Amino acid sequence: QFVLKIQFNITGLNSSSNVNNNLTNTNLNTLPTLDESKTNLIINYLPQAMTQEDLRNLFSSIGELESCKLIRDKLTGQSLGYGFVNYVKSTDAEKAISSLNGLRMQQKTIKVSYARPSTPLIKDANLYVSGLPKSMTQEDLQRIFHPFGRIITSRILVEPSTGMSRGVGFVRFDKRPEAENAISSLNGTIPAGAKDPVTVKFANNPSQKNQQVLQSLYAAASPTRRLAAPTTGPLYHQARSFSLQPATHLQLAPVSSDYAFHQMLPAGLTTLDSLAGITAPSAASSSCAPNYGICIFVYNLSPETDENILWQLFGPFGAVTSVKVIRDYQTQKCKGYGFVTMTNYEEAFLAVCSLNGYKLGDRVLQVSFKTATSRLK
DNA sequence: TAGTATT
């Protein structure tokens with residue numbers, strides 16, 4: 001959006017050769033959305049379950065919003081844990097930073113800061129660093145990397161129980177070329193005082209993580225009931241035919257259109273609702289407050305189940321708008337069931353078909369569209 | 001030897 005507006009102004013300049021400079025500057029300065037540097041905020045480390053509406057509610061308590069967007073994985077619909085909030089007034093943006101940065105929500109501490117102007121150069125500038133001496137601190141890490149550019153974030157991962165360094169960390173640079181230079185200069189080098197060389201490489205991005213989730217779920221599936229992933233290729237086809245395929249057939253590809261989905265329906269059936277044994281409510285009549293969507297009932301979950309498990313199970317099948325683990329009020333342990341709301345009927349259908357009977361740990365899940373009696377089971 | 005910051 002930013003780039004387009006700049007080009008528009010350049011075009012304007014070119015098309016009028018006798019343009020008055022003062023007038024042009026005035027035009028630039030009065031375009032309200034041209035300079036978002038003082039109104040547009042990036043919100044990081046959001047809790048997984050936080051929705052765009054939650055984000056809007058929280059930040060609009062400070063002042064009027066021009067826009068609000070939670071960033072989600074394109075494939076799974078899961079929150080990527082960050083979003084953007086653009087205020088109408090820069091004073092409100094300032095207020096949001098001072099009052100909401102560092103706010104603790106669930107297990108996270110959110111970060112509120114000005115969003116950098118979006119350019120292709122700031123993408124993929126995050127480095128994964130391993131082989132660090134256990135004694136190295138975040139400050140040491142910054143000292144080593146700072147000659148190569150502006151560091152946006154850095155972190156050393158620690159063992160949660162002991163707080164000891166795990167010898168790995170991340171360094172995010174402002175610009176991709178800075179990260180590239182750091183790799184060229186630092187990868188394979190031995191830090192002062194250390195014994196072993198460090199490995200410096202680009203960090204995996206979220207879509208690669210999703211592939212890992214899919215693969216681990218697939219690998220964990222019981223031999224008698226393999227998990228089908230909602231993608232094109234052999235695996236997707238496998239889901240349709242409910243047949244077993246060797247694990248080596250696992251292939252991940254962009255989510256297909258549903259062109260072939262109906263091909264798997266038994267002869268004579270033209271709608272999903274008519275499938276025997278499936279009591280699927282229509283999208284319009286099924287809801288899981290407070291989110292509109294198709295609600296799915298998941299039964300036989302272990303007491304340790306948390307929301308992340310439901311996101312990971314259902315996210316690969318398509319857009320998931322909410323998950324809920326029903327917990328015992330006293331112990332806060334899962335009571336054995338939960339609900340998942342999905343946006344698209346066919347993705348929900350495939351998830352139900354694929355996950356019903358799926359072996360999670362030592363339990364066989366029962367997954368069905370939510371009915372009036374789901375809670376009573 | 002893996003958390004999640006650019007719409």
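These numbers were taken from a predicted model, which means no experiment stands behind them. Letters A, B, ... are given to chains in the order of the sequence lines, protein chains preceding strands, and every chain is numbered from 1.
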Any base atoms under 4.0 Å from [X], or only sugar-phosphate, or nothing? Heavy atoms, all strands.
X: A/Lys201; result: base
X: A/Ile122; result: base
X: A/Ile42; result: base
X: A/Phe170; result: base
X: A/Thr153; result: base
X: A/Ser113; result: base

Quiz prompt | Presence of A/Arg166 side-chain N/O under 4.0 Å of B/dA2 phosphate oxygens OP1/OP2 | solution = yes
Quiz item: Does the side chain of A/Arg155 get closer than 4.0 angstrom to OP1 or OP2 of B/dT4 through an N or O atom?
Solution: yes
Quiz prompt | A/Tyr128 over B/dA2, stacked by centroid distance under 5.5 Å, angle under 30° | solution = yes
Quiz item: Has the side chain of A/Asn44 got a donor or acceptor atom sitting under 3.5 Å from an opposite partner on the base of B/dT4?
Solution: no
Quiz prompt | Interatomic distance where CG belongs to A/Asp73 and P belongs to B/dT6 [whole Å] | solution = 13 Å
Exercise. Check whether A/Val85 and A/Leu80 end up in the same hydrophobic cluster, where Ile, Leu, Val, Met, Phe, Trp and Tyr are linked by side-chain heavy atoms less than 4.5 Å apart.
Key: no
